[in-house]
Amino acid sequence: MNQEVKVEPVASDFIRDIVEADRESNKHGGRVITRFPPEPNGYLHIGHAKSICLNFGIARDFGGRCHLRFDDTNPETEDVEYVQSIMEDVRWLGFDWGEHLYYASDYYGKLYAYAEALIQKGRAYVCGLGQDEFKEYRGVPSMPGKEPPRRNTPPAENLDMFRRMRAGEFNENQYVLRARIDMASPNIHMRDPVIYRIRKCPHHRAGTAWCVYPMYDFAHCLSDAIEGITHSICTLEFEVHRPLYDWILDQLEVPCHPQQIEFARLNLSYTVMSKRRLLELVRNGLVTGWDDPRLPTIGGLRRRGYTPSVIREFCRRIGVTKFGSLTDVALLEHCLRDELNRTAPRAMAVMDPVRLVIDNFPEDRVDLLDAVNNPEDPADGTRQVPFCRALYIEREDFMEEPPKGFFRMSPGREVRLRYGYIVQCTGVDRDPATGDIRAIHATYDPATRGGNTPDGRKIKGTIHWVSARHATGIEVRLYDRLFMLEDPNDVPDGQDYKQFLNPKSLEVIHAMVEPVLAEAAAGQRFQFERKGYFFADPVDSKPGQPVYNQIVPLRDAWAKRQGRG
RNA sequence: UGCCCGAUGGUGUAACGGUAGCACAACAGACUCUGAAUCUGUUUGUCUAGGUUCAAAUCCUAGUCGGGCAACCA
């Protein structure tokens, strides 16, 4: 296991209960072996993280192991590019498969032999029905299917045909190998499912060694058995496949018979999780790529500034059930704030700057003021922040005619400049043409250096600032939810989910920041005081010129109150 | 329509026949050199109808609602 992985206690769930009971009854000789079996045809997202945490977490908690197995049985859609990114993402999440890296494609030889064994038992046959006929013979859920013509062909003939399939004598789609189960089964998956098809397509690992490829249902259960998996955990849509999973293993002489257990996949509010939709957003340029910080992909979350531990904590909190739920993204954001509050150093950045001139502060004087890096972590120490006559403050922190309850800066009132001085606003300069505020004027109280009030007077408002002379302008990207609809998978009739993309999901601004932020290295996280948590983008930052991605804003009771008013 | 699965506050989850609890969210207050954090408090729940039982969120039956399944995808 990766050093970084903390062993967080995980409350039990129905799957852990099963594993625990099996271990106590010595069902699998007390062993616990799980696997995470992605198909290398797309990038991982936070839904996969749930599965990864579950499978690797169970292995860790029960002293077992978890395999990483690429379920690469479809050469047409898979690619090594995905293999690489999936391994990177799993490692980044903090999990380690050790020696146990496997590929279903490495079992092609064994799987082929199992298929021949099934034929020899009279439990599989080569079928030459065309796609339309195939459907017709299969029937529909409410009506039984009927026997395909070759269903009762003797094993020897099927064996010969299957070998010829393998030898490349037939065209794609000309023949398939089918399990011989029950054409009248109420479960469609048991109506003689296809277990091998012909594909004259090179495989990203096996090359051109094969022109017959096993189907998921055949390959998956056998791969599990070959690896000695004890608990084969998958999502709910495979529930109806379980009888087939068990049937295949029961027909063949396999090393063990793993137990398939299904759980509900993760759905997150205001985003989409399906491969198809994610791909559509990327292909149509609606996001900048697979690692767009607005996407729930692992790459996107990493780029946004999420940490592996936040994702793990989130997965721990959502639990595991068989109920198809929609998890509120607010829970994810809570996990983020909870961790970042403890770990992120603070700094000041003014996102929408307006000039503040301290009229009684000497023109050429520079005060270096001590500022606490992280009030939640005294070990993080202090830094010095330069203070001058001309500063920038947040435009929204000044109101000429403040409403009730506003306690920032307004004419005649005192406000604290964080770690600076108590200042009193004396007036504003306006653009004579537009009436816009060009600068705010104030006087400072020299006795309040550091923001202290030796006379004990209470100052309600504290605002952040930067010294105009020492500030650096940098790019900051503010993110909001990708969709305006809580559940983009459930759009009103006749409408497309893409219509509900949030046009304001990305806003690029130029902020004025204090020196520590301008000097930061890519990959560093900060809390911009009173604003939110930000991450120096590892891709676009340059030395001395970081670009910040907003990870998550701070909660804002004032904004909420305004929104309500 | 056939089969499979599910249903506990707004959301996510616990309670494994014996006091419906936790977290997020929301709301109110305290505190505060971040309108953050922290602390305190409040609101809101067992899908319906029968049955079994001293006792049902839990077991049984039926219904309702929701999800899944009819790729030579996984």
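Each chain gets a letter, A, B and so on, in the order the sequences are listed, and its residues count up from 1.
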Original post:
Quick one: is B:G35 close enough that its OP1 or OP2 comes under 4.0 Å of any side-chain N or O from A:R530?
Top reply: yes
Original post:
Looking only at atom C1', what distance separates B:U1 and B:G12, rounded to whole Å?
Top reply: 34 Å
Original post:
If you look at every heavy atom in A:C201 and A:Y213, which pair is closest and at what distance?
Top reply: O-OH, 2.8 Å
Original post:
C1' atom, B:C16 versus B:C31: distance in rounded Å?
Top reply: 43 Å
Original post:
Between B:A36 and B:U58, how far is it from one P atom to the other, in whole Å?
Top reply: 42 Å
Original post:
Across all strands shown, which nucleotide pairs with B:C69 by Watson-Crick or G-U wobble geometry, both distances under 3.5 Å?
Top reply: B:G2
Subject >> Spacing of the P atoms in B:U8 and B:G45 (rounded, Å) >> reply: 14 Å
Original post:
Under 4.0 angstrom, heavy atoms only, what part of the nucleic acid is A:P375 near: base, sugar-phosphate, or nothing?
Top reply: base
Subject >> A:S325 side chain near B:U13 phosphate (N/O to OP1/OP2, under 4.0 Å) >> reply: yes
Subject >> Watson-Crick/G-U partner (both atom distances under 3.5 Å) of B:A28 >> reply: B:U40
Subject >> Whole-Å C1' distance, B:A25 and B:U11 >> reply: 7 Å
Original post:
If only side-chain N and O atoms of A:H189 are considered, is one of them under 4.0 Å from the OP1 or OP2 phosphate oxygen of B:C69?
Top reply: no
**OP:** Send over the distance from A:E394 CD to B:U34 P, rounded to a whole Å.
**Re:** 16 Å
**OP:** Can you tell me, in whole Å, how much space there is between the P of B:G6 and that of B:C22?
**Re:** 27 Å
**OP:** Would you indicate, yes or no, if B:A26 has its OP1 or OP2 atom less than 4.0 angstrom from a side-chain nitrogen or oxygen of A:K560?
**Re:** yes
Original post:
Using atom P of each nucleotide, how far apart are B:A15 and B:C72 to the nearest Å?
Top reply: 40 Å
Subject >> Torsion-based syn/anti label for B:A71, 90° from 0 as limit >> reply: syn
Original post:
Looking only at side-chain N and O atoms, does A:T327 come under 4.0 Å of OP1 or OP2 in B:U11?
Top reply: no
Original post:
Under 4.0 Å between a Lys/Arg side-chain N and an Asp/Glu carboxylate O for A:E20 and A:R16?
Top reply: no
Original post:
Rounded to whole angstrom units, what separation is found between the CD1 atom of A:I318 and the P atom of B:A14?
Top reply: 12 Å
Original post:
Nearest-Å distance, CZ (A:R265) to C1' (B:A74)?
Top reply: 10 Å
**OP:** Just name whichever nucleotide pairs with B:G21, Watson-Crick or G-U, keeping both distances under 3.5 Å, else none.
**Re:** B:U13
Original post:
A:Y270 has an atom OH; how far is it from atom C1' of B:A25, in whole Å?
Top reply: 11 Å
Subject >> Length of the line joining A:D377:CG and B:U38:P, which is rounded to integer Å >> reply: 16 Å
Original post:
Hey, is the side chain of A:R317 pairing donor to acceptor with the base of B:G12 inside 3.5 Å?
Top reply: no
Original post:
Less than 3.5 Å between a donor and an acceptor, one on the side chain of A:K460 and one on the base of B:U32, is that the case here?
Top reply: yes
**OP:** Tell which nucleotide pairs with B:A55, taking only Watson-Crick or G-U wobble pairs whose two distances are both under 3.5 angstrom.
**Re:** none
Subject >> Electrostatic pair A:K531:A:D556 at N-O distance under 4.0 angstrom >> reply: no
Original post:
Hey, does the side chain of A:S142 come within less than 4.0 Å of B:A70's phosphate (OP1/OP2), counting only N and O?
Top reply: no
Original post:
Within less than 4.0 Å of OP1 or OP2 of B:A23, is there a side-chain N or O belonging to A:R316?
Top reply: no
Subject >> B:U48 - base-pair partner by Watson-Crick or wobble geometry, distances under 3.5 Å >> reply: B:A62
Original post:
Would one find a side-chain N or O of A:R191 under 4.0 angstrom from OP1 or OP2 of B:C69?
Top reply: no
**OP:** Check every strand shown and say whether A:Y196 touches a base, only sugar-phosphate, or nothing at a heavy-atom separation below 4.0 Å.
**Re:** nothing
Original post:
Any chance the side chains of A:Y497 and A:E280 put a donor and an acceptor closer than 3.5 Å?
Top reply: yes
**OP:** Using only heavy-atom distances, decide whether a donor-acceptor pair under 3.5 angstrom links the side-chain of A:N41 to the base of B:C73.
**Re:** no
**OP:** Would you please indicate yes or no on a ring centroid separation below 6.0 angstrom for A:F170 and A:F162?
**Re:** no
**OP:** Determine, using ring centers only, whether A:F534 and A:F528 are less than 6.0 Å apart.
**Re:** yes
Subject >> Check: A:E339/A:S309 side-chain N/O donor and acceptor closer than 3.5 Å >> reply: yes
Subject >> A:D487 CG - B:G66 P separation (whole Å) >> reply: 14 Å
Original post:
Got a salt bridge between A:K146 and A:E136, using NZ or NE/NH1/NH2 to carboxylate O under 4.0 Å?
Top reply: yes
Original post:
Between B:U52 and B:A57, how far is it from one P atom to the other, in whole Å?
Top reply: 16 Å
Original post:
Do the side chain of A:H464 and the base of B:A36 come within less than 3.5 angstrom through a donor-acceptor pair of N or O atoms?
Top reply: no
Original post:
So, A:W558 and B:G35: ring centres less than 5.5 Å apart, planes less than 30° off, yes or no?
Top reply: yes
**OP:** Report yes if at least one side-chain N or O of A:R138 is closer than 4.0 Å to OP1 or OP2 of B:C72; otherwise report no.
**Re:** yes
Original post:
Starting at the 5' end of RNA chain B, which residue's closest nucleotide do you reach first, A:I459 or A:F238?
Top reply: A:I459
Subject >> Most 5' of A:R197 and A:K458 on RNA chain B, judged by nearest nucleotide >> reply: A:K458
